[in-house]
Amino acid sequence: MRRLSRRKALSLVKELDAFPKVPDSYMETSASGGTVSLLAFGVMAVLAVLEFFVYRDTWMKYDYEVDKDFSSKMRINIDITVAMKCQHVGADILDLAETMIMSNGLKYEPVIFELSPQQRLWHRTLLVIQKGLGEQHSLQDVLYKTVHKGAPTTLPLREGASLEPLSACRIHGHIYVNKVAGNFHITVGKPIQHPRGHAHIAAFVSHQTYNFSHRIDLLSFGEEVPGVIHPLDGTQKTTPNNNQMFQYFITVVPTKLHTYKISADTHQFAVTEREREIDHAAGSHGVAGIFVKYDTSALMVTVREQHMPLGQFLVRLCGIVGGVFSTTGMLHRFVGTCVDVVCCRFKLGVYKPTEGLKSMQTFNRCSGRNCCKCSLQ
């Protein structure tokens with residue numbers, strides 16, 4: 001009884017076989033079929049390798065939500081070189097509430113305004129990247145995915161000693177401000193605070209020494225993320241006028257960055273530039289200097305690095321194998337049928353009759369084929 005039940009179960013399993021075996025004596029091979037098989041295997045190999053590269057690659061997903069954090073401080077990272085001596089310029093921030101924020105986190109370092117050959121090469125490379133960012137936004141995804149490499153985005157140190165005078169001032173460091181609109185500015189004289197507002201002591205600075213030609217090596221908001229380049233990095237402005245005002249209007253968007261190597265709370269921003277000469281006689285009023293007016297957005301962006309799941313990769317790989325097999329099989333049968341019809345119609349190839357066994361050979365070649373007008377002669 002047990003053997004009988006086992007035989008029934010085995011026969012039932014055999015009936016459910018979806019891959020029936022065909023004896024080799026019933027199988028017919030051909031050179032064309034082998035050629036098509038080799039092409040199919042080659043195409044499958046190429047597509048599988050390309051699919052593997054797609055599986056290894058990652059992409060950035062952007063999610064948007066309302067920024068509900070209004071109480072935290074925002075960090076501003078600054079590295080600006082001004083073509084004036086450090087004792088003649090001062091930097092501070094005045095926010096929307098007319099609150100002066102002390103710039104204790106900034107350092108004033110006397111430097112040479114002109115770049116060395118190595119620094120000039122770094123600056124040109126940065127400008128090329130900035131041009132690419134302006135033309136193709138997707139390059140930002142590449143920068144986000146490679147931030148863990150820690151690519152240096154700060155100006156390299158000057159190589160060797162120089163006898164040139166230190167006629168410029170590098171203002172660098174960071175300041176924590178409230179998440180409201182504000183105005184970071186660099187102008188003549190050191191800033192002071194008094195009950196009616198704030199002012200800069202500029203009475204002892206000669207008007208002939210005014211020169212607000214500047215270079216922005218770094219201007220960012222939030223945590224510093226190595227490898228990420230910001231819109232104003234590498235900007236350089238020169239002017240022969242003493243009374244020149246440079247204005248940068250910035251809209252800051254809080255951004256949370258999550259990659260497989262780093263997580264950071266940073267900020268993206270868009271900027272609009274404007275510059276004009278201060279001439280009170282011509283009606284162009286104002287104060288000469290560099291003014292960065294910023295405002296924060298109500299939206300927050302979350303950037304996450306994503307990867308293709310392993311299951312999806314296997315499904316796509318199976319689809320490639322099955323699709324190539326099915327497509328090449330159909331093409332092979334279609335082309336074979338067309339060749340048979342043409343050869344049979346015009347008595348070409350194997351359908352060409354021979355003397356003596358003309359009728360029998362023609363019958364044998366045409367039997368079982370989809371031949372258009374093949375008949376016994």
**Prompt:** Yes or no on side chain to side chain contact (heavy atoms under 4.5 Å, CB included) for Lys61 and Val303, after CA distance, side-chain angles and deciding distance?
**Reply:** CA-CA 6 Å; Lys61 181 181 179 182; Val303 184; over 6 Å; no

**Request:** Walk me through it: do Phe269 and Phe221 pass the test ring pair (Phe, Tyr, Trp, His ring centres under 6.0 Å)?
**Result:** CA-CA 8 Å; Phe269 64 89; Phe221 298 81; 5.5 Å; yes

**Request:** Any chance you could lay out the ring pair (Phe, Tyr, Trp, His ring centres under 6.0 Å) test for His172 and Tyr108, step after step, and finish with the verdict?
**Result:** CA-CA 7 Å; His172 60 99; Tyr108 296 80; 9.1 Å; no

**Request:** Show your reasoning for whether ring pair (Phe, Tyr, Trp, His ring centres under 6.0 Å) applies to Tyr176 and His174.
**Result:** CA-CA 7 Å; Tyr176 289 92; His174 59 270; 5.7 Å; yes

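Rounded to the nearest 0.5 angstrom, Leu106 CG and Arg170 CZ are separated by 11.5 Å. Between atom OG1 of residue Thr251 and atom NZ of residue Lys293 there is a gap of 13.5 Å, rounded to the nearest 0.5 Å. Atom CG of Leu115 is separated from atom CG of Asp217 by 7.5 Å, given to the nearest 0.5 angstrom. Atom NE2 of His267 is separated from atom CE of Met74 by 5.5 Å, given to the nearest 0.5 angstrom. Between the CD1 atom in Ile78 and the CZ atom in Phe184 there is a gap of 3.5 Å [rounded to 0.5 Å]. Atoms NE2 and CD1, from His214 and Ile290 in turn, are 4.5 Å apart once rounded to the nearest 0.5 Å.
Partners of Tyr210 according to the side-chain hydrogen bond (donor to acceptor under 3.5 Å, both in side chains) rule, which considers only residues two or more places apart in sequence or in another chain, do not exist here. Under the salt bridge (Lys or Arg N to Asp or Glu O under 4.0 Å) criterion, Glu273 pairs with Lys237, not counting sequence neighbours. By the ring-ring contact (aromatic ring centres under 6.0 Å, His included) test, His123 is found to be paired with no residue, residues two or more places apart in sequence or in another chain being considered.
Although no hydrogens or angles enter the test, the distance criterion places a donor-acceptor pair under 3.5 Å between the side chain of Ser213 and the main chain of Thr239.
Residues Ser284 and Arg276 have side chains that bring a donor and an acceptor to within less than 3.5 angstrom of each other. A donor and an acceptor atom, one from each side chain of Thr266 and Glu223, are nowhere located under 3.5 Å apart.
Ring geometry for Tyr64 versus Tyr62: interplanar angle under 30°, hence parallel rather than tilted (30 to 60°).
For the pair Arg215 and Phe113, the distance from NZ or CZ to the six-membered ring centre is under 6.0 Å and the angle to the ring normal is within 45 degrees.
A pairwise comparison of heavy atoms in Val252 and Tyr294 identifies CG2-CB, 4.3 Å as the closest pair.
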